[in-house]
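Read the structure below first, then the notes.
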2 protein chains.
Amino acid sequence: MPPQPPKALKPRKTPSQSRSRVTVDAIFEATIQVLLSQGMAGLTTTGVAERAGVSVGTMYQYFPNKQALVYALNERFLTTLAEQVEATCARMQGRPFEEAAEALIDTYWAAKTERPELTRALYRSVAELETDALLHAFAARVDKATTEIFCQTSDFRSPDAGEVNLLLTTVIYGSVRNAFERGLGQEEISGLKSGLKAMCRAYLVAVGK
Amino acid sequence: MPPQPPKALKPRKTPSQSRSRVTVDAIFEATIQVLLSQGMAGLTTTGVAERAGVSVGTMYQYFPNKQALVYALNERFLTTLAEQVEATCARMQGRPFEEAAEALIDTYWAAKTERPELTRALYRSVAELETDALLHAFAARVDKATTEIFCQTSDFRSPDAGEVNLLLTTVIYGSVRNAFERGLGQEEISGLKSGLKAMCRAYLVAVGK
DNA sequence: CCAATATCTGAATGATCCTTCATATAATCT
DNA sequence: AGATTATATGAAGGATCATTCAGATATTGG
């Protein structure tokens, strides 16, 4: 594999007939399954194809290479997450930021908790790809949505709203991830969640208008 | 490579003569260099050996396989970090927790900032290994050190000290990591650092004795 | 029903690269 | 110095896989 530019990560062809849409879905689901059971190291094109019940060639009709597959998978989930965050922000328009922050935490948490093992697998898979652009775009999109909330309803005094926004986003996102990467029990996890909320609330109150 | 048990991750042999200690150091440094320039995907045994100026066979005298090499590298850094954390905790014995928390943040931050690119590379490399045990041991060691501080000097009321400790550790560690994974400028980074401190402080004050 | 188009197949190719081992050189010890 | 142990060499073996392509099968539109 050539070191830097993995050719292209973009899909090769978009399905037009319904049977190919089924195929692509099957490939995605198979990728998830293999990722869950074998991890990124055990993810082979033939393995995924077999699990999906299609031939390798079919895979290559939609994804130019293996990494494009994992890339697309992550893109899918990040897009969904971004939409959920935007929805939460829209719903929280005009509410006090403490509430908005809590709602954001709930949103992240729910998204990651839905399939915890998959969450961990995806976190790992991202590390082995050229996903900087993807992650950056996601971060920008989320920042935009949250900034609107934090700026609109507020007149912060000391640090400006953008800074607070970056801090909250970073802390929330990072903490949620870290909470997942430790192998914690259910009680500890939910304890962390409410603790994180309390922390954000305390900070906002201390620094707030 | 067999899916699950990567044979052993333990070193094969410990150097006894001084020339072999030099060799092992060279291998470690070469691993770092390759990791920095090619990433985990471009890390090959022959590549590392070449960069280190030794033959592949030599590498295999000290590491049973490629992953053991990366494992050992991470182990080295985590051990150093754990020692630094313990030192910080020892130094902070008896001081108010707000100060202790700030000192902890400084310690983490300094460790990660020393070689930022290496930090990112190691974060990524860990994802592709069976490092659960390693990370768990590290987490336990750090938890132990910080717990002593937070329990000793304090009589918390509502959530118990252990919970607060877990929360702080998770938030600090996760936030530092996330701060690194965004590609931020120097000003934003240091803004985040002080913001994180303020947040921990606000939380501790709000919940504290 | 017949083109035209979309989708699928999977053996064969070829590249990569981890790992071994028989042999060589250097250090240490007695 | 001779024997023993430590360390180094790197070509060759062999396994794994990503990727291609020439040809088969299915769907659609006219």
Side-chain angles (χ1 to χ4, degrees), chain A residues 1-28 30-31 34-35 38-72 125 128-130, chain B residues 1-28 30-31 34-35 38-72 128-129:
Chain A
M1 182 195 333
Q4 291 325 343
K7 268 176 182 166
L9 290 175
K10 292 283 108 188
R12 196 167 245 171
K13 173 195 291 188
T14 330
S16 73
Q17 302 179 354
S18 77
R19 72 174 156 149
S20 57
R21 246 166 273 133
V22 170
T23 299
V24 170
D25 280 348
I27 292 174
F28 273 130
T31 307
V34 174
L35 229 39
Q38 321 274 307
M40 192 66 169
L43 189 91
T44 68
T45 49
T46 41
V48 170
E50 194 178 4
R51 193 119 178 189
V54 302
S55 83
V56 220
T58 298
M59 258 199 48
Y60 276 88
Q61 217 134 37
Y62 300 101
F63 305 97
N65 50 57
K66 198 177 71 160
Q67 14 216 339
L69 180 62
V70 182
Y71 186 94
S125 76
E128 316 192 26
L129 252 48
E130 227 52 62
Chain B
M1 185 195 331
Q4 292 324 342
K7 269 174 183 167
L9 291 174
K10 293 283 111 190
R12 195 167 248 170
K13 172 195 293 189
T14 329
S16 72
Q17 301 180 355
S18 77
R19 69 174 160 152
S20 57
R21 246 166 271 133
V22 170
T23 299
V24 170
D25 279 349
I27 292 174
F28 273 130
T31 307
V34 174
L35 229 39
Q38 322 273 307
M40 193 65 171
L43 189 93
T44 68
T45 50
T46 43
V48 170
E50 194 177 5
R51 194 120 179 185
V54 301
S55 83
V56 221
T58 297
M59 259 200 44
Y60 275 87
Q61 218 134 38
Y62 301 101
F63 306 96
N65 50 56
K66 197 174 71 157
Q67 13 217 341
L69 181 61
V70 182
Y71 186 96
E128 316 190 25
L129 252 49

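We name chains A, B, ... by the order of the sequence lines, and we start the count at 1 in each one.
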Quiz item: CD of Q67(B) versus C1' of dC17(C): gap in Å, rounded?
Solution: 13 Å
Quiz item: To the nearest Å, how far apart are M59(B) CE and dA8(D) C1'?
Solution: 14 Å
Quiz item: Got a sec, which residues hit side chain to side chain donor-acceptor pair (under 3.5 Å) with S125(A), two or more places apart in sequence or on another chain?
Solution: N74(A)
Self-check item: S20(A) side chain near dT7(C) phosphate (N/O to OP1/OP2, under 4.0 Å)
Solution: yes
Practice problem: Indicate for each nucleotide in nucleotides 23-29 of chain C, in 5' to 3' sequence, whether protein heavy atoms under 4.0 Å reach the base (B), only the sugar-phosphate (S), or nothing (-). | Solution: ---SSS-
Quiz prompt | Residues which pass side-chain contact (heavy atoms from CB on, under 4.5 Å) with T44(A), listed by chain and number, not counting sequence neighbours | solution = T46(A)
Quiz item: Closer than 4.0 Å, any side-chain N/O of Y62(B) to the OP1 or OP2 of dA8(D)?
Solution: yes
Quiz item: Has T58(B) got a side-chain N or O lying under 4.0 Å from the OP1 or OP2 atom of dT9(D)?
Solution: yes
Quiz prompt | Spacing between K66(B) atom NZ and dT20(C) atom C1', to the nearest angstrom | solution = 17 Å
Quiz item: Hey, is the side chain of T23(A) poking within less than 4.0 Å of OP1 or OP2 on dC8(C), counting only N and O atoms?
Solution: yes
Practice problem: Figure out the CD/P separation between E50(A) and dA11(C), and round it to whole Å. | Solution: 12 Å
Practice problem: Give the rounded distance in Å between these two atoms: CG of L43(A) and P of dT16(D). | Solution: 17 Å
Exercise. Kindly say if S55(A) contacts the phosphate of dG10(C), meaning a side-chain N or O under 4.0 Å from OP1 or OP2.
Key: no
Exercise. Report the distance from atom OH of Y60(A) to atom P of dA22(D), rounded to the nearest whole Å.
Key: 18 Å
Self-check item: Heavy-atom closest contact (N65(B) atom, Y60(B) atom, distance)
Solution: CA-CE2, 4.0 Å
Quiz prompt | For A52(B), all residues meeting side-chain contact (heavy atoms from CB on, under 4.5 Å), sequence neighbours excluded | solution = A26(B), I27(B), A30(B), V54(B)
Quiz prompt | Options dT19(D), dC8(C), dC18(C), nucleotide nearest the side-chain atoms of T45(B) | solution = dC18(C)
Quiz item: Across the strands shown, which category fits L69(B) at heavy-atom distances under 4.0 angstrom: base, sugar-phosphate, nothing?
Solution: nothing
Quiz item: Rounded to whole angstrom units, what separation is found between the CD atom of Q38(B) and the P atom of dT16(C)?
Solution: 14 Å
Practice problem: Would you give the length of the straight line joining atom CZ of F63(A) to atom OG1 of T58(A), rounded to the nearest 0.5 angstrom? | Solution: 11.5 Å
Quiz item: Are Y62(B) and F28(B) close enough that their ring centres sit under 6.0 Å apart?
Solution: no
Exercise. Send over the distance from N65(B) CG to dT19(C) C1', rounded to a whole Å.
Key: 10 Å
Exercise. Find which nucleotide of DNA chain C each of V56(B) and G57(A) is nearest to by heavy atoms, and output the residue with the more 5' nucleotide.
Key: G57(A)
Quiz item: T44(B) near the nucleic acid: base, sugar-phosphate alone, or nothing, with a heavy-atom cut-off under 4.0 Å?
Solution: sugar-phosphate
Practice problem: With rounding to the nearest 0.5 Å, note down the distance linking CG in L43(A) to CD in Q38(A). | Solution: 9.0 Å
Quiz item: How long is the span from the CE atom in M40(B) to the NZ atom in K66(B), to the nearest 0.5 Å?
Solution: 6.0 Å
Quiz prompt | Q61(B), nearest nucleotide to its side chain (from dT7(C), dT19(D), dT7(D)) | solution = dT7(D)
